[in-house]
Amino acid sequence: MPEGLEAELYAGAAAQLVGHQIISIDVDDRCADSMQLATLIGRDIIGVKRHGKRVALVIDGAQLELYFAMTGRLIVNGVAPIPALEYGPSTERKEWDRLVMTTSKGSLRVNDPRRWARFTLDPDWSMLGIDLMADACDLQKALGEHRHRTVSVKALLLDQRVIAGLGNMLADEILFGSDIDPRRQFSSLTDDEFERLSQQISLTVSELGARGGSHKGALHPGLRTARAQCPLDGAPLQRVTLAGRTAIFCSQHQR
DNA sequence: CGGCATGTTTCGCC
DNA sequence: AGGCGAAACATGCC
């Protein structure tokens, strides 16, 4: 999915439906409780909110979370803010529609081949950490509460309870930009490294946000697959598995 | 055809 | 008890 930056695009698109009344909801039963969602019919969409990678339609008296997992795409009024996801399918099939909502003046659907998308009524977001787009000082403060943790830095960045919205690519970009090896224990960072990392989060998030997405960084998808070289110093890029995900980093300048 | 993919939750094991 | 790593989930693509 969509990391936080992409979720922001989805939230913006969904906002087109604010002020509309929900006319119908058609949902894949494996992705949601269709009986619950049926209670939303006839009610008004009064807002949209996002925290981390999570997006929710604020409905008169309820909230409906749209969770996209890795391959869920949002289409609002027939237009997809992200036409094709990295690592997603190259085509779109009708049977991959997991949620189809029609409103008084528009429509919204979520298309997800992998069927990991989830639609939850009145979701509990209390476990989510600070949003990735928060103020840099607040991000640093939030990170500081975990300085004793022995997990790898990469795993910590991916932990949604610490910072909500960072995904695999953003985390790699942040570590690349702060010259830190993703395998390092978070607790082993020096004060200088900790500060560098904290600052880099906001830099990376705003820069890639301006460029259009998590896939627009130095370690863009083209470099993630093949044996590639560091765009900064030409050293070979390394691939390791951390926290169940592939981490890409430069063997030369990330220490 | 085997392996891998912008992710979260669950299950064991320290 | 709490924290960590690996597996599970489902399916398309290279």
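All values derive from a computational prediction rather than experimental measurement. Chain naming here is simple, since letters A, B, ... match the order of the sequence lines and numbering starts at 1 in each.
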A.B. asks: Name the closest nucleotide to the A:R224 side chain, picking from C:dG12, B:dT6, B:dA5.
C.D. replies: B:dT6
A.B. asks: With centres under 5.5 Å and planes under 30° as the test, does A:W116 stack with C:dC9?
C.D. replies: yes
A.B. asks: Less than 4.5 Å apart, any side-chain heavy atom of A:L5 and any of A:M133?
C.D. replies: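 Yes, their side chains come closer than 4.5 Å.
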A.B. asks: Do A:R54 and A:Y67 form a cation-pi contact, if we require the NZ or CZ to be under 6.0 Å from the six-membered ring centre and within 45 degrees of the ring's axis?
C.D. replies: yes
A.B. asks: Should the side chain of A:R115 and the base of C:dA10 be counted as holding a donor-acceptor pair, with the cut-off at 3.5 Å?
C.D. replies: no
A.B. asks: From the set B:dT8, B:dT6, C:dC4, return the single nucleotide nearest to any side-chain atom of A:E3.
C.D. replies: B:dT6
A.B. asks: Please determine, for the side chain of A:R54, which listed nucleotide (B:dT6, B:dT9, C:dG5) has the closest atom?
C.D. replies: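 For A:R54, the side-chain atoms sit closest to B:dT9.
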A.B. asks: Considering only atom P, compute the distance from C:dC9 to B:dC1 and round it to an integer number of Å.
C.D. replies: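 Comparing P positions in C:dC9 and B:dC1 gives a spacing of 23 Å.
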A.B. asks: Please state the P separation for the pair C:dA6 and B:dC4 - nearest whole angstrom.
C.D. replies: 14 Å
A.B. asks: With respect to the side chain of A:T91, which nucleotide from B:dT6, C:dC4, C:dC13 is positioned closest?
C.D. replies: C:dC13
A.B. asks: Return the nucleotide paired to B:dT8: Watson-Crick means purine N1 to pyrimidine N3 with N6-O4 or O6-N4, wobble means G-U with N1-O2 and O6-N3, both under 3.5 Å.
C.D. replies: C:dA8
A.B. asks: Could you tell me whether the phosphate oxygens of C:dC4, OP1 or OP2, come under 4.0 Å of any side-chain nitrogen or oxygen in A:T150?
C.D. replies: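 Yes, because at least one side-chain N or O of A:T150 sits under 4.0 Å from OP1 or OP2 of C:dC4.
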